[in-house]
Amino acid sequence: MKFTHSEAEALFNHVMNLHLSTDHITGFRQRTEGWAAGLRLAAISIQDDHDANRLLQSFTGNHHMVLDYLAEEVLQRQPQAVQNFLLRTSLLDRMCGSLCDEIIPNPEVSGNEMLLELDRRNLFLIPLDQERRWYRYHHLFADILRRRVLESMDKDDLSELHQRASRWYEDHGFEIEAFHHAIAAGDNERSTHLLKGGGMPLHLRGAARMTINWLETLSAKELDAKPELWVFYGSALLIAGKPTGIERKLQAAEAALEGIEQDAGVMDLIGWIAATRATLASLLLTDNRNAVEPNLHAAEAAMQISKTEDKTDELVGLITPAWNAGRNEANGIDQVIIQSRRALAYLQPDNLPARTASAWMLGAACQRRGDYAEACEAYNEVITNCRIIGHQLMAVTAIVGIAQIREAEGRPDLAAEHYREAIRLAEGLPHPAVQEAQMGLERVGRLIEQGMKGNRIEQLSEREIEVLQLIAQGLSNREIADKLFLALDTVKGHNRRIFEKLQVQRRTEAVARARELRLI
C-alpha cells in the first residue's frame, strides 16, 4: 500500500484538488513513507488550514489527526502484551529479536517471534534486511509510541530501558548506538567510557554531532572533572566543521589538567590539544591577512555548506591549497610546525587518528617552508598509518605532496611514480588532490619527454652500463668488483664517471636517471 510519487500526486491534486507543488508532494510522501492513509490524513489537514508549508513541518506522529488515527485505530486495538512490546521497543531506532528480549525480560513470546508476527500483520514494521533480522517502525508510528512511553513511564523505568539497550549494543559491537542509549539513560560515566571508543573516540567514527549535543548538556564542573571531555569537545567541534568555538574548549582542558600528574593518558591529551591547535593554525594559512577570528568564521561557513556530519574531507580540502600558496606566512607556518611536532611528541603510538592528522599537517607546513626532508618523513608516516586506519584521502594527499617535492627537486621520474600511485589509490575519488595528481603527472610527463629529446650527456661505455646494471640490482661496490673480476678502486672509478656523465650525486639517482633515459 505504499504510494508512488505519481499516485500521491493524483491523490493530492486530482482527487483532493489541492494543487500542491512537486516539493510538497515529495515532502509529504517522505514523511508518511508512502503510507496511503497518512497521505489522506495530510490532504484532509491541508483542506482544513490551507497551509501546506506549516503542515509539512508539523506532520509527525504528534499531529492530532495522525495521533488520533494511530492511537484509536491501531495501538488500542492490540492485545496488552503487544502494546507493551510496541511501547518499550519504540525507544530503539532499529531492533532485532535478541535486543527485544533484552528490553523486555521474560516475555510471553520471544522477541524474534513477536517481530515476525508484527511483520506478518503489517503493523507499521519495516524490515531492514532480506533475512528479516533487523526492523524499524514507521516514523509516524514510532512518534506516537514514544509519546505514549513518555506519558506512561516514569524516569527511572525509562532510564533502565535505555541502560539495557546500551549494554546489548555494546556487547554486540554497536558502540555508537550504545553511546546514544547511555546518553538517553543519563549515565554520564558510561557515556564517557563509550565515547573513548577503545582507542578511537566515537566522534571520529560518525558520532561528532551526538557527542557535541551531549557535551552541551554538561556543566563546566562536570567537564572539569573529566578533562578528556573538554579535549573531545574541541575535537568533535573540529570534525563537525565548527572551528570558531574550539580554542575556548582547549583552554578549559589545559586548566583542568593543571596539577595532574603527566601519566601516559594525560600526555596523550596534551598531544591531542596540540594536534587540534595545529589544525586551527593550518586553517588560518589563507591569503586573507585579516584578524584570526574572521578567517575561522570563513572556514566554518565553507564547511557548513555540505550536509555531511563528518567534515574531515572538507578540512583536508581547506588545508590542501597550502601546496600552491606562497611562503610569506612565516608565523602561521611556524605555528603549524610547532604544534604538530608537539602533538607527535606527546601522542601515544596507538593514537593513530590524531598522529596521522598531525603528521599530515606537519608535512604540508614543512613542504610550504621548503623543508623537504622533514616533509617527506612526515608524509611517509601518514601513508603508513592510513594503511591501518583506512583513510584513503589523507594517504592520497600525502603521496601527492611527496610527488610535488620530487618535482620541485627536479626529479620528474620519481614525481611521476608518486603521481601515478596517488591516482591509483584514489580510484576516482572526487577531490582537488586527485586533480592535482593528474595535472602533475601530465606536467612531469612533458618534462621527461623533453629531457629525452634534448638531453645531451656523454655516452656511457659498455663497461659503465654493465656496472650501472649491477648497481640497479643493489650490489655493493665490493660485490660488483668480485662479479666482474675488477679491483675495488676500478669499480669506484667507474661509479665516479657514471655519476659525472649522468649529472647525479648518488647511486639511487644514477639508477633513476638511467631508467629515465632508457639506458637500462
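What you see is a predicted model; the values in this text were computed from it and never measured. Heavy atoms only: backbone and side chains are in, while hydrogens, waters and symmetry mates are out.
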Going through the checks in order, is the salt bridge (Lys or Arg N to Asp or Glu O under 4.0 Å) test met by R167 and E170?
CA-CA 5 Å; R167 287 193 294 268; E170 183 184 19; over 6 Å; no
For Q251, which of E254, R248, E247 qualifies under side chain to side chain donor-acceptor pair (under 3.5 Å)?
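So the option named by the test is E247.
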Do D310 and T308 meet the criterion of a side-chain donor-acceptor pair at a distance under 3.5 Å?
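No pair is found: no donor N or O on one side chain lies under 3.5 Å from an acceptor on the other.
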Regarding Q404 and Y419, is there a side-chain donor-to-acceptor distance under 3.5 Å anywhere?
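No, because no side-chain N or O of Q404 sits under 3.5 Å from a partner of the opposite role on Y419.
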Point-to-point distance, once rounded to the nearest 0.5 Å, from [atom1] of [X] to [atom2] of [Y]:
X	Y	atom1	atom2	result
L223	F232	CG	CZ	12.0 Å
R420	L425	CZ	CG	15.0 Å
K226	T192	NZ	OG1	5.0 Å
L91	I103	CG	CD1	7.0 Å

Taking it one step at a time, do R341 and E374 satisfy salt bridge (Lys or Arg N to Asp or Glu O under 4.0 Å)?
CA-CA 11 Å; R341 286 173 176 168; E374 185 172 3; 2.7 Å; yes
Can you name the nearest heavy-atom pair linking [X] to [Y], along with the distance?
X	Y	value
M394	C386	CB-SG, 4.0 Å
Q163	A185	CG-CB, 3.8 Å
A365	V336	CB-CG1, 3.6 Å
E309	M210	OE2-N, 4.1 Å
C96	L115	C-CD1, 3.6 Å
S282	M361	OG-SD, 3.6 Å

Taking atom [atom1] of [X] as the centre, does the number of heavy atoms from other residues, nucleotides or ligands within less than 6.0 Å exceed 12?
X	atom1	value
E216	CD	yes
Q505	CD	no
R133	CZ	no
E377	CD	no

Would you say that [X] contacts [Y] through its side chain, given a criterion of any heavy-atom pair below 4.5 Å between the two side chains?
X	Y	value
L257	I273	yes
E381	L344	yes
T279	W360	no
T384	T356	no

Would I270 and R342 satisfy side chain to side chain contact (heavy atoms under 4.5 Å, CB included), going step by step from the backbone distance to the final call?
CA-CA 9 Å; I270 293 172; R342 178 176 173 82; 3.3 Å; yes
Please state whether the rings of F174 and W168 are parallel, tilted or perpendicular, taking 30° and 60° as the class boundaries.
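The arrangement is parallel - the two ring planes meet at less than 30°.
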Look at the rings of Y169 and H181 and say which category their plane angle falls in: under 30° parallel, 30 to 60° tilted, over 60° perpendicular.
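Ring orientation, 0 to 90° scale: parallel.
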Salt bridge (Lys or Arg N to Asp or Glu O under 4.0 Å) assessment of E417 paired with R411
CA-CA 10 Å; E417 288 181 19; R411 299 308 313 272; over 6 Å; no
Can E436 and R443 be said to form a salt bridge (Lys or Arg N to Asp or Glu O under 4.0 Å), step by step?
CA-CA 10 Å; E436 171 58 28; R443 192 168 54 244; 3.3 Å; yes
W272 and Y233 aromatic centres sub-6.0 Å
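Between W272 and Y233, the centre distance exceeds or equals 6.0 Å.
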Salt bridge or not between R406 and E409? Use side-chain N to carboxylate O under 4.0 Å.
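Looking at E409 together with R406, the answer is yes, because their closest N to O distance falls below 4.0 Å.
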Any Lys/Arg nitrogen of R136 or D93 sitting under 4.0 Å from an Asp/Glu carboxylate oxygen of the other?
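No, this pair does not count.
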Just to verify, which of V400, L393, I399 counts as forming a side-chain contact (heavy atoms from CB on, under 4.5 Å) with T397?
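Answer after filtering V400, L393, I399: L393.
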Give the C-alpha distance, both sets of side-chain angles, the deciding distance and a yes or no for side chain to side chain contact (heavy atoms under 4.5 Å, CB included) between L145 and Y137.
CA-CA 10 Å; L145 292 175; Y137 290 120; 4.2 Å; yes
